[in-house]
A.B. asks: 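I have a structure here, written as structure tokens, and I will follow up with some questions on it.
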Amino acid sequence: MPERTAPGPAGAVDAGRLAGLIDRERAAYAGRHPASRRAFAEAGAHLLGGVPMTWMRMWPGGFPLYMAGARGARLTDIDGHEFIDFCLGDTGAMAGHSPAPVAEAVARQYGERGGATTMLPTEDAAWVAAELARRFGPVHWSLTLTATDANRWAIRLARQLTGRPKILVFSYCYHGSVDETFIVATPEGPRSRAGNVGAPVDPRQTTRVAEFNDADGLERELAAGDVAVVLMEPALTNIGIVLPEPGYLDAVRELTRRSGTLLINDETHTFSAGPGGCTRAWSLDPDMVTIGKSIAGGIPAGAFGLSAALAAQIMADETADIVDTGGVGGTLAGNALSVAAIRATLEQVLTDTAFAAMTERAGRYTAGVREVIAARGLPWHIVQLGARAEYRFCPRPPRTGGESDAAADPQLDEYLHLYTINRGVLLTPFHNMALMSPATTDADVDAHTQVFAAAAGDLLG
Ligand SMILES: Cc1ncc(COP(=O)(O)O)c(C=O)c1O
């Protein structure tokens, strides 16, 4: 979830030509999708902003496509167009749309056995926790409905466990709608992120911020000893993909340990790196892991895990009410339907074997895009993180969130998103992320490469 920034460094691209191409693609989009346009106009009467959730306004073209159905890596809209889906619900559908094992598990739980929400555990939950422990390391797990809630509750536990008031995040991170995280670093010091809606307090009161890949900066921020927990993605994924430099994550772990600060790896997106996310792929050792979005095949679910020592400490803490109104938990969290869906997804869909194939597809995607960028001499680059890849409008991969933000170009984004949609390929509306599901094929990837090559060709004339 990036901020909308001003027109950026289009580089080799002629601004007038780009504006003309955007107009052409907007007109084509409107012409191809009359049913979606009509549905959007009618929905405006009672839906806030015309959509069920205001992020859906992020799609280019003035109105979103209305989905008729989706299966595997394909999605059909109500105008009858079929798309190869590389957006995959911005990771929520990384398992592919409605994979058969999850569809069967959901039908079994909701239909055959009956019961979705009972405030009682089902036996699937212990299997799920053991599997999350096997994949990510932390041995004790609790279930939520979203990654946002996993982060919120993990932060609360971290403050309770350490007795410290603040958290630390990295500039231009995104961890869900968590109040403490909407802060960026600037040369003039930290500030609230632009557009921060109804912030309860200035985030500088609750949060310290450092630039990613800057161990010295992190050390300075931790020196005061008031940070309970560093909440991080092992690689930033919400401002393009920013990979950690060699040794950086070791330095983060060393600095957090030395200052008595806990460390949370938010694997919600970096799960793309493999069956146990970056945590397992890169042998990391955080105190807690949070995850959500894809783990239940598109059914709402999230989770956080913590080490045995922290689990023992919180369970023994008589001042922490974790079973009633202490600020951690939710009525529908850990419900039987979500848990059955997580089990089916982890046991049968997002398996170790599936990740190997997804990563290979993403490698093919990355190579294809890289070839087009090189052949056309565009000052752009692409970065891969397992099953996910993303191109950005600067010649070299940024080192920090701030650098990556400076490479944002909403006009180029709009052009490329409309161009690909008009030719049957869906990218995520947030920057230029593409994700591979177990159902994505080499042919799907090659179709995107062709469309991307044609878009670059039109751009340069
Ligand atoms: C890294 C990360 N963590 C957490 C979240 C929050 O996920 P949700 O909106 O499903 O709660 C997101 C959403 O984009 C994310 O990218």
Side-chain angles (χ1 to χ4, degrees), residues 1-3 51-59 87-95 132 136 142-156 158 167-183 193 195 197 207 212 229-244 249 263-273 276-279 284 286 288-305 328-330 332-334 338 341-342 345 385-388 390 401 404-405 427-435:
M1 266 298 294
E3 289 173 329
V51 282
M53 190 270 299
T54 46
W55 285 9
M56 292 182 189
R57 291 175 64 90
M58 189 78 172
W59 290 99
C87 167
L88 295 172
D90 191 24
T91 307
M94 187 166 78
L132 290 170
F136 293 97
S142 196
L143 300 182
T144 69
L145 284 182
T146 65
T148 298
D149 274 347
N151 284 326
R152 280 197 190 120
W153 304 348
I155 288 170
R156 274 186 171 257
I167 72 160
L168 183 142
V169 296
F170 293 94
S171 200
Y172 291 99
C173 66
Y174 186 75
H175 295 284
S177 48
V178 178
D179 292 331
E180 292 92 333
T181 57
F182 294 98
I183 189 165
R193 201 158 169 166
V197 181
T207 311
F212 198 74
V229 66
V230 170
L231 172 62
M232 80 183 301
E233 290 188 283
L236 298 182
T237 66
N238 284 292
I239 187 76
I241 296 173
V242 181
L243 295 177
L249 295 177
L263 177 64
I264 301 174
N265 276 2
D266 179 348
E267 290 277 13
T268 303
H269 277 182
T270 50
F271 189 24
S272 68
C278 289
T279 299
L284 306 175
M288 299 193 216
V289 167
T290 54
I291 190 161
K293 291 203 180 186
S294 61
I295 57 169
I299 301 293
F304 64 89
V328 173
L332 270 60
S338 295
I342 305 176
T345 304
L385 180 64
R388 162 191 309 271
E390 178 154 353
S404 194
D405 178 62
L427 296 173
T428 178
F430 308 121
H431 34 103
N432 303 296
M433 190 277 287
L435 188 62

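In each ligand, atom 1 is the first atom listed, and ligand 1 is the first ligand listed. The figures here come from the full heavy-atom set of this structure, side chains too, leaving out hydrogens, waters and symmetry mates.
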A.B. asks: Evaluate the side-chain proximity of Leu231 to Asp266: yes if any heavy-atom separation is below 4.5 Å, no if none is.
C.D. replies: yes
A.B. asks: If you count the atoms of ligand 1 from 1 in the order shown, which ones are under 4.0 Å from a heavy atom of Glu233?
C.D. replies: 1 (C)
A.B. asks: Please tell me whether Glu267 and Thr290 have a donor and an acceptor in their side chains that are separated by less than 3.5 angstrom.
C.D. replies: no
A.B. asks: Numbering the atoms of ligand 1 from 1, which are under 4.0 Å from a heavy atom of His269?
C.D. replies: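 Under 4.0 Å from His269, ligand 1 has these atoms: 14 (O), 16 (O).
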A.B. asks: Taking side chain as C-beta onward, heavy atoms only, is Leu168 less than 4.5 Å from Val229?
C.D. replies: no
A.B. asks: Between Asn238 and ligand 1, which part of the residue brings a heavy atom under 4.0 Å of the ligand: side chain, backbone, both or neither?
C.D. replies: side chain
A.B. asks: So which bit of Asn151 gets within less than 4.0 Å of ligand 1, heavy atoms only: side chain, backbone, both or neither?
C.D. replies: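 Just the side chain.
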A.B. asks: Should Thr237 be counted as touching ligand 1, given the test is an N or O pair under 3.5 Å?
C.D. replies: no
A.B. asks: Is the ring pair Phe170/Phe212 parallel, tilted or perpendicular, if the boundaries are 30 and 60 degrees?
C.D. replies: perpendicular
A.B. asks: Run down the list Thr144, Thr148, Leu231 and name the one with the heavy atom closest to atom 8 (P) of ligand 1.
C.D. replies: Thr148
A.B. asks: Only heavy atoms of Thr146, strictly under 4.0 Å: list the atoms of ligand 1 that pass.
C.D. replies: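 Counting atoms of ligand 1 from 1, those under 4.0 Å from Thr146 are 11 (O).
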A.B. asks: Would you call Arg152 and Asp179 a salt bridge, using N to O less than 4.0 angstrom?
C.D. replies: no
A.B. asks: Does any pair with a residue in residues 235-244 pass salt bridge (Lys or Arg N to Asp or Glu O under 4.0 Å), and if so which ones, sequence neighbours excluded?
C.D. replies: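 For residues 235-244, and leaving out neighbouring residues, there are no salt bridge (Lys or Arg N to Asp or Glu O under 4.0 Å) pairs at all.
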A.B. asks: I want to know if ligand 1 touches Lys293 in the polar sense, i.e. an N/O pair below 3.5 angstrom.
C.D. replies: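 Yes - when backbone and side-chain N and O of Lys293 are compared with those of ligand 1, one distance drops under 3.5 Å.
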